Visitor: 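Structure in structure tokens, see below.
As the structure is a computational prediction, the values presented were derived from the model and not from experiment. Below, chain A is the first sequence line, B the second, and so on; all start at residue 1.
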There are 2 protein chains.
Amino acid sequence: MKLTKRGEYGLRALLALAMVHGQRTLSLREISSKENLPTKFLEQIMMVLKRSNLVESVKGKHGGYSLSRSPEKITVGEVIRAVDGPLAPIANAREIQKQIQKVDRHAGLYVILLDVRNAISEILDHKSLADICNQSLEIARSKGTEQMYYI
Amino acid sequence: MKLTKRGEYGLRALLALAMVHGQRTLSLREISSKENLPTKFLEQIMMVLKRSNLVESVKGKHGGYSLSRSPEKITVGEVIRAVDGPLAPIANAREIQKQIQKVDRHAGLYVILLDVRNAISEILDHKSLADICNQSLEIARSKGTEQMYYI
DNA sequence: TATTAGTCCTATCAAATTAGTCAGATATGA
DNA sequence: TCATATCTGACTAATTTGATAGGACTAATA
């Protein structure tokens, strides 16, 4: 897995949407200015997220984006896969499986690569956007900082 | 972490050297033909491995490469770092740490990325080339295959 | 109905990375 | 001195990455 800027920005945008979930939508401009992300680049990423059914959008004046599911039901792994592809360090889990079967001399190597991908998946597929928001909140609280809300 | 062909080929070359460790050296040609890797490309990778002190080489006729340490003492993590860079999904562990400190709103996100890098490191920095060879041998044995040795 | 504020869509672009290749210099054993 | 090695550096084609530009479409509202 390599997390590119696309994936990182996508996650930050979704996290921003998670914070206002159920209360309001956020326009592209709002997200990009508050998260300090290049607007037009973010726009592309939002399209990807939309096609993956992670966000919904409303066109026209007062339009904007919102999560298509509640933050508890969107995992980080899901987002990264949508934007940056498979979590595995090479190819994807199935391809690695094939390699393990194919050449005995390399089996051990690809087994360990599969272990890595499974470890990554174990973490990212069990962390939701809500989990992350809460953790950020927790950290901020423990540091005595405040005002991280969008609303 | 993204494992490129460089890293994959480098690992396979080192594994080949691990199998004959203490008995003989392998020339570039031998490695590339037995492992079916592009010779000149592998040559570049061997140079990187040499500069990282993972292999030693002997020039001239009957020259070739050998591991500079025993296979038990070379970890997969070390090899990947030498060839493909840090294990972290973005930047490196220290940079992620900085991000965690810097913006509270994002702390949770970067914490999880650090978790991922630590999980990867936990696996790869504790698996040696010897471990992998043994595992391959084990798998081959359980399948009733034989003849994986170079010598 | 014109304006405004949005999303949607496609094309383009520069820089970096990836996966190689090529030509030759240098070392060494026979 | 010849054959066989490693070493060195430059080059290249294709892909990916991180954007930007320009406009089409859509919806609320003055």
Visitor: Give me each pair satisfying salt bridge (Lys or Arg N to Asp or Glu O under 4.0 Å) with a member in residues 124-134 of chain B, each pair once, sequence neighbours excluded.
Guide: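 Output for this query lists R81(B)-D125(B).
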Visitor: Any side chain to side chain donor-acceptor pair (under 3.5 Å) involving residues 82-94 of chain A? Give me the pairs, sequence neighbours left out, ordered by first then second residue.
Guide: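 Every pair satisfying side chain to side chain donor-acceptor pair (under 3.5 Å) with a residue in residues 82-94 of chain A: T4(A)-D84(A).
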Visitor: Expressed in angstrom and rounded to an integer, what is the separation of M46(B) atom CE from dT8(D) atom P?
Guide: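 After rounding, the gap between these two atoms is 14 Å.
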Visitor: With sequence neighbours excluded, what pairs up with A91(B) under the side chain to side chain contact (heavy atoms under 4.5 Å, CB included) test?
Guide: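 Side chain to side chain contact (heavy atoms under 4.5 Å, CB included) list for A91(B), sorted by chain: E95(B).
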Visitor: Convert the base pairs of DNA chain C into dot-bracket notation, remembering that pairs crossing earlier ones are written with [ ] and that bases paired across to another strand are shown as |; include only Watson-Crick or G-U pairs under 3.5 Å.
Guide: ||||||||||||||||||||||||||||||
Visitor: I'd like to compare against my own output: the B/S/- annotation of nucleotides 18-30 of chain D with a strict under-4.0 Å heavy-atom distance to protein.
Guide: BBBBBB--BBBS-
Visitor: Using side chain to side chain contact (heavy atoms under 4.5 Å, CB included) as the criterion, list what pairs up with N53(B), not counting sequence neighbours.
Guide: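 Partners of N53(B) under the side chain to side chain contact (heavy atoms under 4.5 Å, CB included) test: none.
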Visitor: Taking side chain to side chain contact (heavy atoms under 4.5 Å, CB included) as the definition, give me every residue that meets it alongside E78(A), ordered by chain and number, with sequence neighbours left out.
Guide: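 Only L54(A), R69(A), I74(A), T75(A) meet the side chain to side chain contact (heavy atoms under 4.5 Å, CB included) criterion with E78(A).
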Visitor: Determine whether T25(B) and Y65(B) make a side-chain contact, defined as any pair of heavy atoms from C-beta on separated by less than 4.5 Å.
Guide: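 No, too far: nothing below the 4.5 Å cut-off.
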Visitor: Got a list of side-chain donor-acceptor pairs under 3.5 Å for residues 111-118 of chain A, not counting sequence neighbours?
Guide:
residue, atom, partner, partner atom, Å
N118(A), ND2, L114(A), O, 3.4

Visitor: With salt bridge (Lys or Arg N to Asp or Glu O under 4.0 Å) as the rule and sequence neighbours excluded, what pairs involving residues 43-57 of chain A come up?
Guide: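 Every pair satisfying salt bridge (Lys or Arg N to Asp or Glu O under 4.0 Å) with a residue in residues 43-57 of chain A: K40(A)-E43(A).
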Visitor: Quick one: list whatever passes side chain to side chain donor-acceptor pair (under 3.5 Å) with E72(B), sequence neighbours left out.
Guide: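 In terms of side chain to side chain donor-acceptor pair (under 3.5 Å), with neighbours along the sequence ignored, E72(B) is linked to S70(B).
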Visitor: If you walk 5' to 3' along DNA chain C, what is the first nucleotide with an atom under 4.0 Å of a heavy atom in chain A, and what is the last?
Guide: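 Span of nucleotides near chain A: dT4(C) to dA11(C).
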Visitor: Can you sort out the partners of V103(B) under side chain to side chain contact (heavy atoms under 4.5 Å, CB included), two or more places apart, ordered by chain and number?
Guide: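 Listed in chain order: R105(B), H106(B).
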